[in-house]
> 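My structure is below; once you've seen it, I'll send some questions.
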Amino acid sequence: MTTFFCLMKLLRQATRNENRFTKRFYGTLLAQTLQKRGFSQSSMVVPDPRKTTVFGLTKPFCTAEKTDREPKRKAAFGSVGRRIPYRILHVINQNGESLGNMHRAEALKLMDQHDLKLVLLRENAEPPVYRLMTGKQIHEEQLKRAEKKKASPKTALVQKELSFSSTIAKNDLETKTKQIAQWIEKKYHVKVTIRQTKDSNTDMFMLFDQILETVSEKATYLSKPKAIKEGVSTCVLRHMSEKELKTHQKLEKQKNSITKTDENEAPKSSEFYP
């Protein structure tokens, strides 16, 4: 009986010591936290260890909510290994033929049997679409996607606009044409609108061609001149592609060569023979 009372006394003493230690520990932790946040020590209240839990203290520092709000990044094209979060998949073989829907365990079995890799094609489909591919196929597809991304425009398309009347003065037309050339140089689209004034016999389509001829070394029509309403016509100019530029330069060389040949032959044909 005496042993029982001694044991109870020791347990009560250990509990009091543990409570004092816990109180000092959490009190110090809270004090350090409040000091970092700029609170004075006089405003600090030491928590009661019997009412305070570790979860209550750590809640303000939890970043789970912030992580959930972050946008999901698109995974790079490649093998997903054996990490497949979906139970049912639509599988395509290495030849591009559909194998239908199957359990992921069956898809992994096929992957191991034929020494292939699983690649996610369409995650938003129902069920998600995976393809069995060789390492070489994956590498070639990655190269294609990289080239396509490189070729795609990095900046948003910009369109500038100019509007003037068919009786525009020569100097003003030259100024506007220079402005068009500057925009074309920056690879902008340029919308040109011409208004036909009363008692004006100017051919607006010829005026469009005149403007294009001035910037023909770099520009071409994106949309050819057309009348959008009575007395108003418009067109859109754009910068030529590299292929179009090479073709244009080749044609210009041929044209200049023919012109020089004609100039050289002209005196011979006009010679006088008695």
Side-chain angles (χ1 to χ4, degrees), residues 69 71-74 77 122 124-125 143-273:
R69 294 192 190 101
K72 187 176 180 181
R73 295 182 180 179
K74 186 177 180 180
F77 183 87
R122 293 189 295 277
N124 296 330
L143 290 177
K144 288 180 183 179
R145 294 186 178 219
E147 288 295 326
K148 186 177 180 181
K149 184 177 180 181
K150 185 178 179 181
S152 62
K154 297 181 180 180
T155 56
L157 180 65
V158 178
Q159 178 170 291
K160 298 292 186 177
E161 295 189 18
L162 275 179
S163 179
F164 49 88
S165 69
S166 59
T167 55
I168 185 172
K170 182 178 179 181
N171 292 338
D172 292 338
L173 182 60
E174 290 177 353
T175 301
K176 290 188 180 295
T177 304
K178 288 179 181 179
Q179 179 64 76
I180 292 172
Q182 291 175 1
W183 286 336
I184 292 294
E185 186 69 28
K186 294 179 180 179
K187 298 188 177 181
Y188 295 162
H189 289 179
V190 183
K191 182 178 180 180
V192 182
T193 303
I194 302 178
R195 301 182 305 276
Q196 182 82 47
T197 57
K198 294 182 179 180
D199 302 328
S200 173
N201 296 324
T202 303
D203 188 331
M204 291 189 288
F205 286 4
M206 289 185 64
L207 192 53
F208 283 124
D209 290 340
Q210 181 182 341
I211 294 170
L212 178 62
E213 183 65 25
T214 308
V215 292
S216 61
E217 292 183 358
K218 294 182 182 288
T220 186
Y221 285 125
L222 176 64
S223 64
K224 293 184 177 181
K226 61 181 179 180
I228 55 175
K229 60 181 180 180
E230 186 177 358
V232 180
S233 298
T234 185
C235 75
V236 179
L237 300 171
R238 65 169 176 84
H239 194 282
M240 283 193 285
S241 65
E242 292 296 327
K243 184 177 180 180
E244 289 172 328
L245 281 172
K246 290 179 180 179
T247 303
H248 174 75
Q249 291 168 0
K250 184 178 180 180
L251 291 173
E252 285 297 314
K253 286 182 181 179
Q254 292 176 353
K255 183 179 178 181
N256 293 334
S257 177
I258 293 173
T259 302
K260 288 180 181 179
T261 302
D262 292 342
E263 289 175 353
N264 293 333
E265 291 179 353
K268 293 180 181 180
S269 60
S270 60
E271 288 180 355
F272 176 76
Y273 295 94

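The chain is numbered in sequence order, starting from 1. The analysis underlying the following values was restricted to heavy atoms, covering all of them including side chains, and did not include hydrogens, waters or symmetry mates.
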> Give me each pair satisfying salt bridge (charged side-chain N to carboxylate O under 4.0 Å, His left out) with a member in residues 168-183, each pair once, sequence neighbours excluded.
none
> First locate atom CE of M204, then atom OG1 of T197, and finally report the distance between them rounded to the nearest 0.5 Å.
9.0 Å
> According to side-chain hydrogen bond (donor to acceptor under 3.5 Å, both in side chains), does anything in residues 221-233 pair up with another residue at least two apart or in another chain? List the pairs.
D209-Y221
> Which pair of non-hydrogen atoms, one from S200 and one from Q196, has the smallest distance, and what is that distance?
O-NE2, 2.8 Å
> If I take atom CG from residue L245 and atom OG1 from residue T220, how far apart are they, to the nearest 0.5 angstrom?
10.0 Å
> Nearest 0.5 Å, please: how far is OH in Y188 from CD1 in I180?
15.0 Å
> Rounded to the nearest 0.5 Å, what separation is found between the OG1 atom of T193 and the CD atom of E161?
6.5 Å
> Within this structure, what is the OG-NZ distance for the pair S241 and K246, rounded to the nearest 0.5 Å?
10.0 Å
> Which value, rounded to the nearest 0.5 Å, describes the distance between T175 atom OG1 and F164 atom CZ?
11.5 Å
> For residues T214 and T177, is any side-chain donor paired with an opposing acceptor at under 3.5 Å?
no
> Work out which heavy atom in I194 is nearest to a heavy atom in S165; give both atom names and the distance.
CG2-C, 4.1 Å
> Check whether any side-chain N or O of E244 sits under 3.5 Å from a backbone N or O of H248 as a donor-acceptor pair, and report yes or no.
no
> State which residues pass side-chain contact (heavy atoms from CB on, under 4.5 Å) with K218; sequence neighbours excluded, sorted by chain then number.
I184, E185, H239
> Given side chain to side chain contact (heavy atoms under 4.5 Å, CB included), test K186 with V158 step by step and report yes or no.
CA-CA 9 Å; K186 294 179 180 179; V158 178; over 6 Å; no
> Might you confirm whether atom CD of E217 has over 12 heavy atoms from other residues, nucleotides or ligands at distances under 6.0 Å?
no
> What closest approach, in Å, do I211 and L237 show between heavy atoms, and which atom pair accounts for it?
CG2-CD1, 4.4 Å
